[in-house]
A.B. asks: 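Structure provided below as structure tokens; questions to follow.
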Number of protein chains: 2
Amino acid sequence: MKIDPKKPADLSAQIAQAIRDAIISGELIVDERLPSEAELSEQFKVSRPTVREALKRLAAQSLIRTQRGASGGAFVNRLSFEGAYSQQITTSTLLLSMNAVSFDTACEARFALERACAALSAQRRTADQLATMRAEVHRQSQPGLTDEAFCASDVAFHRALVDGAGNPVLSYQLAGAVEAMQPLMNMITFTARSREAIIAFHNQIANALEDRDSTKVDTTLVELESYTRQLAQDVAQQRRNPA
Amino acid sequence: MKIDPKKPADLSAQIAQAIRDAIISGELIVDERLPSEAELSEQFKVSRPTVREALKRLAAQSLIRTQRGASGGAFVNRLSFEGAYSQQITTSTLLLSMNAVSFDTACEARFALERACAALSAQRRTADQLATMRAEVHRQSQPGLTDEAFCASDVAFHRALVDGAGNPVLSYQLAGAVEAMQPLMNMITFTARSREAIIAFHNQIANALEDRDSTKVDTTLVELESYTRQLAQDVAQQRRNPA
DNA sequence: GAATTTTTATTTGTCTGACATTTAAAAGTC
DNA sequence: GACTTTTAAATGTCAGACAAATAAAAATTC
């Protein structure tokens with residue numbers, strides 16, 4: 001684990017990369033304690049603040065965690081799905097909010113992914129997951145539900161659908177796609193009219209999953225996608241030209 | 001943009017979060033310059049090293065970039081797909097290498113995703129992308145190709161297929177799945193025998209895409225998936241019990 | 001007056017040294 | 001032996017300083 005002494009700038013970035021490489025290569029294993037900041041600063045021949053900046057970079061990527069006190073220090077993190085989720089969500093949200101990605105593109109990706117899950121979910125979904133979906137649909141039909149609550153329930157419904165596939169990697173990737181679309185989705189669920197339609201779609205999906213009818217799930221998701229994209233277009237139109 | 005003065009620990013994390021929120025909410029826009037470190041330390045009532053640690057956290061997520069000199073400072077980054085890619089790859093690689101995810105799970109996710117792309121790719125793939133795929137298949141059939149080169153070409157082939165869908169979000173998500181599987185994929189392509197089979201699959205896929213036959217692409221990918229999983233199982237078996 | 005060079009001010013990058021806080025282990029006490 | 005106190009080690013934070021890069025302003029030269 002060494003750094004290039006020729007490039008004087010960005011020492012902390014170089015040190016972070018060196019440690020990162022050591023973690024990825026398996027040189028440092030999960031839960032292993034890194035040398036203390038004082039030792040690292042000796043090892044890399046830099047000051048402690050520089051080492052700390054490097055460690056904070058790694059902490060920002062959830063690669064390490066730190067503990068204070070005797071026998072404390074920086075430890076290699078077991079990258080949890082939770083941590084990966086939140087990173088994925090932050091990244092996806094930024095990609096969309098900075099207009100690097102259009103809503104249509106995100107929507108297409110999201111439904112393509114969800115349809116991929118649906119096929120597996122029709123095979124594997126548990127009774128419990130189906131019950132969750134039913135419960136969410138029921139909640140959605142409650143009058144007086146706020147847009148935020150409706151939207152959250154919507155997300156929970158689709159998450160249960162995706163979790164039914166029993167593949168955490170897919171769940172994780174979909175989380176990013178769905179979360180990134182939330183702001184506009186909130187706008188979409190504003191009218192009671194569209195809520196009814198969305199609930200109808202959800203019921204169809206739940207029924208199809210109960211029957212383990214993957215084809216029916218797929219066609220319904222296709223319909224829901226085109227409906228969603230239409231609504232998003234209408235909302236965008238209305239914002240440009242509020243009649 | 002404020003921080004809670006009650007929680008004394010992890011000031012840099014709080015400051016990073018405050019700035020991150022400001023970026024996500026749009027309070028700080030792309031290419032906008034943040035206050036100087038000195039100003040930020042005044043504003044948040046902390047020392048400059050603490051501010052710097054916060055900024056390094058954000059830099060690690062590619063949320064900001066810094067420039068030295070007069071009229072330098074920290075600027076909000078336009079989160080590029082490139083940056084998002086590399087983050088996604090790092091995260092996915094770690095998830096797999098730390099055994100949080102099995103190869104089978106990653107493989108299933110990868111092919112589910114790829115099949116989702118394939119349907120779109122059959123519609124939209126350009127002649128150029130098809131040519132890329134043909135060229136890669138041709139390279140793969142060259143004798144004397146190293147495993148690394150074969151594997152890189154394999155990745156390039158599938159990337160061209162996925163890029164054919166014309167959806168950068170899907171391309172980005174698949175990148176993570178594929179890259180994470182690389183180490184084992186390298187083991188798999190070791191024998192000339194499996195190379196031949198893989199090339200045959202690739203040819204089938206390319207032909208089907210040329211004909212814009214999405215069904216054929218799909219069935220071939222299903223076959224390739226089960227073949228890949230079988231090989232991975234064999235490799236794992238062999239490593240446990242090298243006869 | 002225009003082009004070039006020099007100076008200057010600003011900002012990040014790094015270092016030194018210090019103190020505060022947390023925490024586990026060691027030492028002491030009953 | 002169980003409990004309390006002390007101690008040492010580690011991270012968290014601070015203050016102040018200098019180095020290096022860089023753009024704008026000032027001075028110089030033609």
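Just so it is clear: chains get the letters A, B, ... in the order the sequence lines come, proteins before strands, and each one is counted from 1.
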A.B. asks: Applying ring pair (Phe, Tyr, Trp, His ring centres under 6.0 Å), name anything that partners Y172(A), two or more places apart in sequence or on another chain.
C.D. replies: none
A.B. asks: Listed by chain and number, what are the salt bridge (Lys or Arg N to Asp or Glu O under 4.0 Å) partners of R33(B), not counting sequence neighbours?
C.D. replies: none
A.B. asks: What residue pairs, at least two apart or across chains, pass salt bridge (charged side-chain N to carboxylate O under 4.0 Å, His left out) with a residue in residues 151-169 of chain B?
C.D. replies: none
A.B. asks: Could you pull out all residues at least two apart from T91(A) that satisfy side chain to side chain donor-acceptor pair (under 3.5 Å)?
C.D. replies: none
A.B. asks: Look for any protein N or O under 3.5 Å of an N or O in nucleotides 5-11 of chain C and output each such pair with its distance, or none.
C.D. replies:
from    : atom 1 : to     : atom 2 : distance (Å)
dT10(C) : O2     : A70(B) : N      : 3.0
dT11(C) : O4'    : G69(B) : O      : 3.2
dT11(C) : O2     : G69(B) : N      : 3.3

A.B. asks: Report the end-to-end axis angle of the helix from dG1(C)-dC30(D) to dC30(C)-dG1(D); each axis comes from five terminal pairs, and the value is rounded to 10°.
C.D. replies: 20°
A.B. asks: Phosphate oxygens OP1/OP2 of dT11(D): is one of them under 4.0 Å from a side-chain N or O of R52(A)?
C.D. replies: no
A.B. asks: Return the value, rounded to whole Å, for the distance between atom CG of L11(B) and atom P of dT11(D).
C.D. replies: 17 Å
A.B. asks: Figure out the CG/C1' separation between L40(A) and dC15(C), and round it to whole Å.
C.D. replies: 17 Å
A.B. asks: Applying salt bridge (Lys or Arg N to Asp or Glu O under 4.0 Å), name anything that partners D147(B), two or more places apart in sequence or on another chain.
C.D. replies: R195(B)
A.B. asks: Would you please name every residue forming a salt bridge (Lys or Arg N to Asp or Glu O under 4.0 Å) with E37(A), sequence neighbours left out?
C.D. replies: R48(A), R52(A)
A.B. asks: Just to verify, what does S153(B) make a side chain to side chain donor-acceptor pair (under 3.5 Å) with, not counting sequence neighbours?
C.D. replies: E136(B), Q140(B)
A.B. asks: Where the side chain of Q129(B) meets the backbone of T126(B), is there a donor-acceptor pair that is under 3.5 Å apart?
C.D. replies: yes
A.B. asks: Tell me: CG of D10(A) to P of dA19(D), nearest whole Å?
C.D. replies: 20 Å
A.B. asks: What parts of residues 54-66 of chain B reach DNA chain D, counting only heavy atoms under 4.0 Å away?
C.D. replies: none
A.B. asks: Going by distance alone, is a donor N or O of one side chain under 3.5 Å from an acceptor N or O of the other, for T90(A) and T93(A)?
C.D. replies: no
A.B. asks: Quick test: give all pairs of protein nitrogen or oxygen and nucleotides 15-17 of chain D nitrogen or oxygen below 3.5 Å, distance rounded to 0.1 Å.
C.D. replies:
from    : atom 1 : to     : atom 2 : distance (Å)
dA17(D) : N6     : R48(B) : NH2    : 3.3

A.B. asks: At their closest point, which heavy atom of S12(A) faces which heavy atom of A54(A), and how far apart are they?
C.D. replies: O-CB, 3.3 Å
A.B. asks: Which whole-number value in Å describes the distance from E53(B) CD to dT12(C) P?
C.D. replies: 16 Å
A.B. asks: Name the orientation class of the two ring planes belonging to H202(A) and F157(A) (parallel below 30°, tilted from 30 to 60°, perpendicular beyond 60°).
C.D. replies: parallel
A.B. asks: Starting from the C-alpha separation in whole Å, work towards a yes-or-no answer on salt bridge (charged side-chain N to carboxylate O under 4.0 Å, His left out) for E225(A) and R229(A).
C.D. replies: CA-CA 6 Å; E225(A) 175 178 357; R229(A) 287 166 85 162; 2.8 Å; yes
A.B. asks: Only counting residues at least two apart or in another chain, list the ones meeting side chain to side chain donor-acceptor pair (under 3.5 Å) with Q17(B).
C.D. replies: R20(B), D21(B)
